[in-house]
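For reference, the structure is listed below as structure tokens.
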Amino acid sequence: MDSQEVGGLLEECLQAAQQSTQPSEAERLNYCNMLCAELASLLQEAMDMKWPFVPEKWQYKQSVSASDKTNLNDLVSKNLSQLLAVLKASIVAQEARTALAVVFLVDRFLYWTDESSRLLKITKLLHRRHRDTPVAPQLVIRQARVYFNSGKLQKAEYILSSLINSSGATGYWVYHSESDRALVQAVSVQVRGMILQKLGLWLEAAELIWASLVGYYSLPQPDKKGIGTSLGILANILVSMNDEDFHAFSNNPDIDLSLLGDSGHRLLSAAQAAKMAVVYSQYTSLYVLTNVATQGISLLSYSFSVECPASQRQSFLLQAREAFTIGLLTKAEGQLVTSKQELHTFLKAAYSLTVTHKWLGTPQEVVAQATQACQKALANFYYYDSDTQDKDSLCAEIMNLVSQVKLLLRVEPFLNSDKGSFIPDSYRNIKDTSVNFTLEGFTKVMQRFQKYHASLCETGNINCKGTEDDIDTAMLCITALGTTIGTLNTECSTEACRVSKDAPKGDKPEQTGSNSSAFEVIQAATETLGTEEDWIPDISVPLKPSVAEGAVQSLSQLNFRTSSSSLSDSFSSQSSWEKISADLNSPTNRKPLANCLSEAGTSQSTSSIPRPLQSLNVGPKMDTEADTENSLATPHPNLSQFIPEQCVSTETSTESSFEMLEENQSGHQGSKVTSTEKVNVPQTKNPLCYSCLKHNPVAGVVPERQFMLSQQDYQALLSGVCHECALHLKFSKATGLWTARETCVYIGEPMGMQGKQRTAIWVQFLHQEERLSSYVGKDYLKPKEIQFHLKDVERQMTAQYYVTKFNKSLYDKEVMAQIFFIPSEALLILDGNEIVGCVTVEPYMLGDFVKLTNNTGKKDMSLQATEYGLAFGHFTYLFSDCHEVVVDLQGWVTANGKGLTYLTDPQIHSTKTPRGPSNFAARGLRYFLEEQHGPECNAICQLLKLPPVVGQTHAVPQKL
């Protein structure tokens, strides 16, 4: 069945579920006897609640026979039309138990074919009419996964926390053993770990994934599928984690990483975890593809690390090549791929194999052709992901392009003596590591998180939607757990509210919580029944000519869409990074981006290849950013002496009572640093920085062309460089390093949200943390120097670093409220080895967007989350030794402010960095201490025993 046929049958089932007519006797009998014996047996077991998740035959067996080397998805796929016919007939016959059992059986298959939306609608409608009919935990967690993918993290968190807190209790589902409850808890904590991974909290995410591993291993028969999935997720987390977090994780007394071998290196541990995941899941092609891609990326990254011996670099590159090759061979030529995740991962493996071949010395023209095929495939994938009706033909085009890459790079079959497996014989040499995990031990592990999950459950709305009935906490259902903040009785007069005038009919933006929320936000359509397409607004905005031609834009991981033919042949070439500080506004430096792309053989056709970048304006709301063209720093030929200005991410808005003030209100430019405010740049070398260890960071030779990267620059970027040596793309405040990975990016349509300084667009790139999630790109309308984009990232990640420390202080005082800053990353867009664009990206969030504070004295005390925000500012001021405070807090909160708060686009007043249009330095600290926070501490400050701000102002000069 093709995707349109499946969609048509599901729509018929949905319409049947929406009707309330009484069935005839014939209709009552019609749903029976439609299935083969194997499916009929599975259906009966589902109705009997034999398992909380539909198992694979090989999942719980140590010794796997030939008949076990099949997958449920294959069985469902062959019989999908009959299953959906049974579903419709049972709905018409009002046999809800049978209908929900069918939904249970087809759920996983339809999730991987991107059809969970309608299936969950059917589930909810059936539940509302037949509340005493059990709904499988797998379906409740599926709803959490869909919320997670669509950006509704609060809703996902509440569902998962309730399952963890109540030992898996949900509705009228009956468990047959305590181990089944433990399994539900293990899956729930695994998905929670994925949420924290998406938020960039690597250490906390790794701890949760480890907890899930303990749960899977401790079952009477270890869950190989669950173990493999958690090992794969852990591998991805280790790749992204900084070394400081890895040290803390590996030295946790409750965690024994000997399970992953004795390499001791973060990236090698990641590679081993991924390889183990491959072996555990070797009978399912999608899992093998996913995990070998992670293994290859781990090995590729390690080959560029400072710790990798030069003599072994070639060996690790060859191992990475083998891993990507295995992944690309999990589907035969012409075999149908129906999963968004599978398509994305095939592209990722194909592009990563291309990059590996580049560094192995494959001829440049071959690498260039393979790269171009990947670019075209990613453009097709973007439209595939846009809910087009032509998914099947786009899928075929994408896989045809992947096949071209395989042909170009000579991907050959490997030796495999087990025809039911998707891995080579060489991978079966991994020995099972003995573990001593028990259900009692898993219970103790889960107790560490009990207070948090219990507190989070208290903040949710637990009435069943569509009824007035309250539900016992232990009986939470799939329609409960409302989390929105509600109406704040304030009028919205900002661009976010006005955008609906230009949006297509039916795309009604959600009302924001406050008239003060005129900041950067991406709003989406009003939530309906709960679908995974909620976050995709039907915006048909025509592509406009780029207004930031030549400006460097950034994406969340280093974007190298390039052939290696333009790279320097010598690793010893002089670094050209000082060129990045050149004034992009200079007419002599501006180049039309479309021309640069076309020089690389890339046309502007939107149907086949990535389109040129545009300047992005991210603020449908109060973007309180100063627009001071003259505030850009003067280019300096010596990058090590160049200190970029504190860049701006908010705009002045006269429509908002929360408008952010600019430092240069008197008319003079406030961007210049006085002699008393200069920053002391530490001269000590960073032991983790490639350039500090390998090269002199000062390049005295003027580059031949602007914005060019030498091969040495590539090496430095991929290894990790510190701020003083170079500027690039993924920033860790803990280590002070920027690191990068080569990836491929597609810049999509504008989101229809534009503020005075920046705009927002959809972005798709191959190395995004969550393949099924959407990402938002943000860029300036007017060209800005690259450091503006990079400082945007650095500022947000610095705020995330501070808030993690703040959350730990709250937890120590048994306050379970948590604040998160969404991780921001940067993508350099390259044409060959020339930087032609830069855009910052972050995960897309859906919900009501509010502003808690601005960057001077204003605050919205109608939101209890503001109390936590002010205490966070107070904490930051003290934690930074009275040098910095995080302000301009805005994002998504819960009604009582005690649950989860997700923030974005903060500002930081700092005396550590040069004063700028939105960094008021000492004056900004005074604004916060004397006006926004005030002399009196609130209850949260007092609970944390923070010293009063009165008496702290002595650290701030009275005059600037």
Side-chain angles (χ1 to χ4, degrees), residues 71 73 112 225 228-229 231-233 235-236 239 270-303 316-360 362 370-371 373-374 377-378 381 395 398-416 418 420-428 430 741-744 765-768 771-772:
N71 289 282
N73 278 355
W112 292 122
K225 178 172 171 286
T229 302
L231 283 171
I233 296 169
N236 273 307
V239 169
Q272 180 66 10
K275 189 172 184 178
M276 292 174 64
V278 171
V279 176
Y280 272 110
S281 57
Q282 61 182 288
Y283 303 111
T284 303
S285 61
L286 174 59
Y287 299 152
V288 171
L289 168 64
T290 300
N291 292 320
V292 290
T294 302
Q295 181 199 8
I297 288 169
S298 304
L299 295 167
L300 183 60
S301 298
Y302 180 72
S303 73
F316 285 108
L317 286 171
L318 291 173
Q319 291 178 53
R321 184 182 68 179
E322 179 188 27
F324 296 131
T325 298
I326 293 169
L328 291 175
L329 291 171
T330 53
K331 288 287 185 184
E333 296 299 323
Q335 193 173 357
L336 183 65
V337 175
T338 58
S339 162
K340 172 185 171 182
Q341 175 171 330
E342 194 166 17
L343 275 177
H344 186 277
T345 312
F346 264 114
L347 282 178
K348 186 176 182 179
Y351 181 80
S352 298
L353 181 62
T354 303
V355 170
T356 305
H357 271 270
K358 177 183 71 177
W359 294 108
L360 283 170
T362 297
T371 300
C374 292
L378 183 58
F381 180 81
C395 174
I398 292 168
M399 292 306 295
N400 181 56
L401 288 164
V402 170
S403 296
Q404 290 182 28
V405 174
K406 291 164 64 176
L407 185 62
L408 284 165
L409 302 180
R410 300 182 180 181
V411 172
E412 300 290 342
F414 49 77
L415 181 63
N416 179 12
D418 186 346
S421 170
F422 292 92
I423 65 175
D425 291 342
S426 60
Y427 268 55
R428 297 191 178 91
I430 291 185
R741 278 182 287 185
E742 297 176 80
T743 193
C744 191
F765 60 105
L766 292 182
H767 289 73
Q768 58 195 49
R771 289 155 295 185
L772 296 181

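- In this structure, K358 and E742 have side chains that are in contact, with non-hydrogen atoms separated by less than 4.5 Å.
- Summarising the geometry, atom CD1 belonging to I423 is positioned 8.0 Å from atom CZ belonging to F414; distances are rounded to the nearest 0.5 Å.
- Listed here is the closest heavy atom pair of F381 and L343: CE1-CB, 3.9 Å.
- Contact record, G232 with A277: N-CB, 3.7 Å, taken as the closest heavy-atom pair.
- Y427 carries K275 over the face of its six-membered ring, with the cationic atom under 6.0 Å from the centre and within 45° of the normal.
- With sequence neighbours excluded, the residues forming a side-chain hydrogen bond (donor to acceptor under 3.5 Å, both in side chains) with N71 are W58, T284, listed by chain and number.
- Taking each heavy atom of L231 and A273 in turn, the nearest pair found is CB-O, 3.6 Å.
- Within the 3.5 Å criterion, the main-chain N or O of L401 finds no donor-acceptor partner in the side chain of Q404.
- When all heavy atoms of L289 and G327 are compared, the pair lying nearest together is CD1-O, 3.4 Å.
- Counting all heavy atoms, side chain and backbone alike, T371 lies closest to Y351 at CG2-CE1, 4.3 Å.
- For the pair N291 and S281, the tightest heavy-atom approach, listed with the atom from each and the gap, is ND2-OG, 3.5 Å.
- Contact check for T330 versus F346: side-chain heavy atoms found under the 4.5 Å cut-off.
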